[in-house]
Protein chains: 2
Amino acid sequence: MRRTPPQTLPSPQLLDELSAFFRLLSEPARLQLLCQLKHSGAMDVASLIEATGFSQSHISRQLGQLQRAGLVSCERDGTRLIYAVADPLVDDLCNLVQRRLKQRLEDQLRQLQGV
Amino acid sequence: MRRTPPQTLPSPQLLDELSAFFRLLSEPARLQLLCQLKHSGAMDVASLIEATGFSQSHISRQLGQLQRAGLVSCERDGTRLIYAVADPLVDDLCNLVQRRLKQRLEDQLRQLQGV
DNA sequence: AACTTGTATGAACATATCCGCATTATGGGC
DNA sequence: GCCCATAATGCGGATATGTTCATACAAGTT
């Protein structure tokens with residue numbers, strides 16, 4: 001049994017900010033871009049277009065959101081922009097959630113197989 | 001300098017599941033319900049209505065989503081249902097993100113004040 | 001200056017989702 | 001059985017967001 005420590009309720013502002021952050025990760029397209037960047041280290045937009053199949057404007061908008069939130073950064077190379085992941089937190093969160101999803105499926109499997 | 005370890009790209013299914021999970025936390029209403037439950041340990045729906053001001057139908061729907069995802073559980077007490085947080089992960093994620101939001105603001109403040 | 005390449009943005013549409021109202025379903029007490 | 005209390009669901013309106021097309025903007029080259 002785990003005791004639940006007393007905890008103050010988050011303010012409405014904090015709730016909004018937390019949910020806004022999670023909302024950034026709630027779209028498969030954005031998550032895919034983040035994972036691609038994490039995978040390759042740094043990519044220009046042309047590579048992202050090729051890797052994901054999304055349109056240029058779409059990628060630009062999603063990267064814009066991620067950049068405003070500080071999750072990606074970019075630097076210029078001539079006319080091109082090269083993006084990179086700017087915060088390791090996203091990867092940590094994904095790993096935590098992935099582990100949880102896996103564990104939940106294992107539990108459900110165990111349920112089906114009897115105890 | 002931190003080295004980025006090599007990493008395989010997540011499959012489309014995993015991206016969908018990850019983003020679906022984050023989407024559950026992307027709504028202030030759902031996050032508020034989760035925080036209320038975490039705060040009080042366990043609550044019936046009437047208490048949640050009073051605490052949040054949402055309609056009964058809205059709360060029922062949101063709790064339904066959270067329950068299907070395994071984030072909350074409920075037990076009956078007569079005709080009432082008493083809900084509770086079923087997974088500590090949400091709280092962990094919120095704390096991680098909150099810490100990150102705070103740190104980012106501190107960094108921006110430091111920027112404004114010169115180096 | 002004009003031209004090219006690469007990126008951001010305005011406009012419009014489609015889709016999803018929140019949220020409440022009214023209704024139905026479920027469980028308990030008589 | 002009927003009634004009451006509570007929770008779930010069908011429906012509809014309002015709002016937000018994803019997505020694309022076309023266009024404007026920015027940086028570099030000649």
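Values in this document were obtained by computation on a predicted structure and should not be read as measured data. A note on names: the letters A, B, ... follow the listed sequences, proteins ahead of strands, and every chain is numbered from 1.
Taking every side-chain heavy atom of Phe54(B) into account, dG20(C) is the closest of dG20(C), dC18(C), dG18(D). For Arg61(B), the listed nucleotide lying nearest its side chain is dC11(D); candidates were dC11(D), dG18(D), dA22(D). Ranking dT17(D), dA8(D), dA27(D) by closeness to the Arg76(A) side chain, first place goes to dA27(D). Of the candidate nucleotides dA27(D), dT6(D), dA8(C), dA8(C) has the atom nearest to the side chain of Ser60(A). Here dT6(D) is the nucleotide among dG6(C), dT6(D), dC18(C) with the atom lying nearest to any side-chain atom of Thr79(B). Here dC19(C) is the nucleotide among dC19(C), dC18(C), dA27(D) with the atom lying nearest to any side-chain atom of Ala29(B). The Glu27(A) side chain lies nearest to dG18(D) when the options are dT6(D), dT9(D), dG18(D).
Between Ile49(A) atom CD1 and dT7(C) atom P there is a gap of 7 Å when expressed in whole angstrom units. The nearest whole Å value for the distance from the CD1 atom in Ile59(B) to the C1' atom in dC21(C) is 15 Å. For the pair Arg80(A) CZ and dA8(C) P, the computed distance is 14 Å after rounding to whole Å. Atom CD in Glu75(B) sits about 17 Å away from atom P in dT6(D), given to the nearest Å. The CG-P distance, from Asp44(B) to dA8(D), rounds to 12 Å in whole Å. In this structure, Met43(A) atom CE and dT7(C) atom P are separated by 12 Å, rounded to whole Å. As rounded to whole Å, 14 Å separates atom C1' of dG27(C) from atom CD1 of Ile82(B). What separates NE2 of His58(A) from P of dA22(D) is a distance of 18 Å, to the nearest Å.
Distance CG/Asp16(A) to CD/Glu27(B): 9.5 Å, rounded to 0.5 Å.
Judged by distance alone, with hydrogens and angles left aside, the side-chain atoms of Ser19(A) form a donor-acceptor pair with the main-chain N or O of Leu15(A) at under 3.5 Å. Put simply, the side chain of Arg76(A) gets close to the backbone of Thr79(A): a donor and an acceptor are under 3.5 Å apart.
Contacts of Gln56(B) with the nucleic acid, taken as non-hydrogen atoms under 4.0 Å apart, include base atoms. Heavy atoms of Gln67(A) sit nowhere under 4.0 angstrom from any nucleic acid atom.
No chain of hydrophobic side-chain contacts below 4.5 Å, direct or via other Ile, Leu, Val, Met, Phe, Trp or Tyr residues, connects Val97(A) to Leu105(A).
Distances shorter than 4.0 Å separate none of the side-chain N or O atoms of Gln62(B) from OP1 or OP2 on dT17(C).
Comparing Leu81(B) and Arg30(A), the nucleotide of DNA chain D nearest to each residue sits closer to the 5' end for Leu81(B).
Under the 4.0 Å criterion applied to side-chain N and carboxylate O atoms, Asp107(A) and Arg110(A) are assigned as salt-bridge partners.
One can find a donor-acceptor pair under 3.5 Å joining the base of dC21(C) and the side-chain atoms of Ser57(B).
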